[in-house]
Amino acid sequence: QVQLVESGGGLVQAGGSLRLSCAASGRTFSTYAMGWFRQAPGKLREFVAAIVWRDGSTYYADSVKGRFTISRDNTEKAVYLQMNSLKPEDTAVYYCSSSPTGLGYHQQDYWGQGTQVTVSS
């Protein structure tokens, strides 16, 4: 059994910062990339950021480029999302994910339970 456990969400004013953490536990599993998706009320879950485990390459949605930074801890098999200059439109439930093959939504095989991020204007 593999578990991804997120933490770090909360309520912040526009312009503020939050740091999300995701720790993997359980049996050893193959990882091509880990990343973050988010889902706002009434909207589809969307890609936010990902990091390729082998070489640390990072990818971001256009809406968060320059504001969010994804990083990883190889030893702990953890991934982090530093979110700066937050906007009200960043409000969503943020999900950590892991994929053995790629970055797309349907390529993720493990998901965390989600952590709420709320940005007030």
Side-chain angles (χ1 to χ4, degrees):
Q1 184 77 3
V2 173
Q3 284 189 312
L4 302 180
V5 180
E6 303 109 330
S7 61
L11 172 64
V12 64
Q13 288 188 330
S17 298
L18 283 173
R19 185 175 188 251
L20 305 184
S21 300
C22 173
S25 64
R27 63 175 179 83
T28 301
F29 59 99
S30 175
T31 306
Y32 168 77
M34 291 184 70
W36 296 90
F37 286 72
R38 67 186 182 187
Q39 188 166 18
K43 295 189 176 181
L44 297 175
R45 193 171 297 188
E46 64 176 5
F47 171 79
V48 175
I51 186 163
V52 175
W53 215 251
R54 179 178 57 84
D55 63 7
S57 299
T58 57
Y59 300 86
Y60 297 94
D62 287 344
S63 59
V64 307
K65 278 181 183 175
R67 300 187 298 122
F68 290 12
T69 302
I70 189 170
S71 60
R72 75 187 194 286
D73 181 327
N74 282 3
T75 303
E76 299 295 328
K77 203 148 195 178
V79 64
Y80 308 97
L81 187 68
Q82 178 66 43
M83 306 186 294
N84 298 329
S85 302
L86 283 161
K87 304 175 181 180
E89 52 262 45
D90 294 318
T91 296
V93 177
Y94 283 69
Y95 295 91
C96 176
S97 67
S98 173
S99 170
T101 57
L103 306 183
Y105 173 79
H106 293 290
Q107 293 174 294
Q108 309 305 306
D109 57 356
Y110 295 111
W111 293 92
Q113 81 284 357
T115 185
Q116 177 70 47
V117 171
T118 303
V119 184
S120 63
S121 56

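- The OG atom of Ser99 sits 5.0 Å away from atom CD of Gln107, with the distance rounded to the nearest 0.5 Å.
- In this structure, the side chain of Ser98 does not engage the main chain of Tyr110 through any donor-acceptor pair within 3.5 Å.
- For the pair Arg45 and Tyr95, the cation-pi test (distance below 6.0 Å, angle within 45°) is passed.
- Each ring-ring contact (aromatic ring centres under 6.0 Å, His included) pair with one or both residues in residues 49-68, not counting sequence neighbours, would appear here, but there are none.
- Partners of Ala23 according to the side chain to side chain contact (heavy atoms under 4.5 Å, CB included) rule, which considers only residues two or more places apart in sequence or in another chain, do not exist here.
- Arg67 is linked by a side chain to side chain contact (heavy atoms under 4.5 Å, CB included) to Val64, Ser85, Lys87, Asp90, counting only residues two or more places apart in sequence or in another chain.
- Checked against the 6.0 Å centroid criterion, the rings of Phe37 and Phe47 qualify as a close aromatic pair.
- Once rounded to the nearest 0.5 Å, the distance linking OG1 of Thr115 with OH of Tyr94 reads 10.5 Å.
- Sorted by first then second residue, the side chain to side chain donor-acceptor pair (under 3.5 Å) pairs that include residues 6-17, not counting sequence neighbours, are Glu6-Gln113, Ser17-Asn84.
- Legend: residues meeting salt bridge (Lys or Arg N to Asp or Glu O under 4.0 Å) with Glu46, ordered by chain and number and at least two apart, are Arg38.
- Using bins of under 30°, 30° to 60° and over 60° for the plane-to-plane angle, the ring pair Trp111/Tyr105 lands in the tilted bin.
- Listed by first then second residue, pairs satisfying disulfide (SG to SG under 2.5 Å) with a partner in residues 35-121 read Cys22-Cys96, not counting sequence neighbours.
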### Message
Checking Glu89 against Thr91 for the side chain to side chain donor-acceptor pair (under 3.5 Å) test, could you report, in this order, the C-alpha distance in whole Å, the side-chain angles of both residues, the deciding distance, and whether it holds?
### Response
CA-CA 5 Å; Glu89 52 262 45; Thr91 296; over 6 Å; no
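- Annotation: the span from Leu20 atom CG to Gln82 atom CD amounts to 9.0 Å, rounded to 0.5 Å.
- Leu81 and Val12 end up in the same hydrophobic cluster when Ile, Leu, Val, Met, Phe, Trp and Tyr side chains are linked at under 4.5 Å.
- Heavy-atom neighbours of Gln39 CD from other residues, nucleotides or ligands within 6.0 Å: above the threshold of 12.
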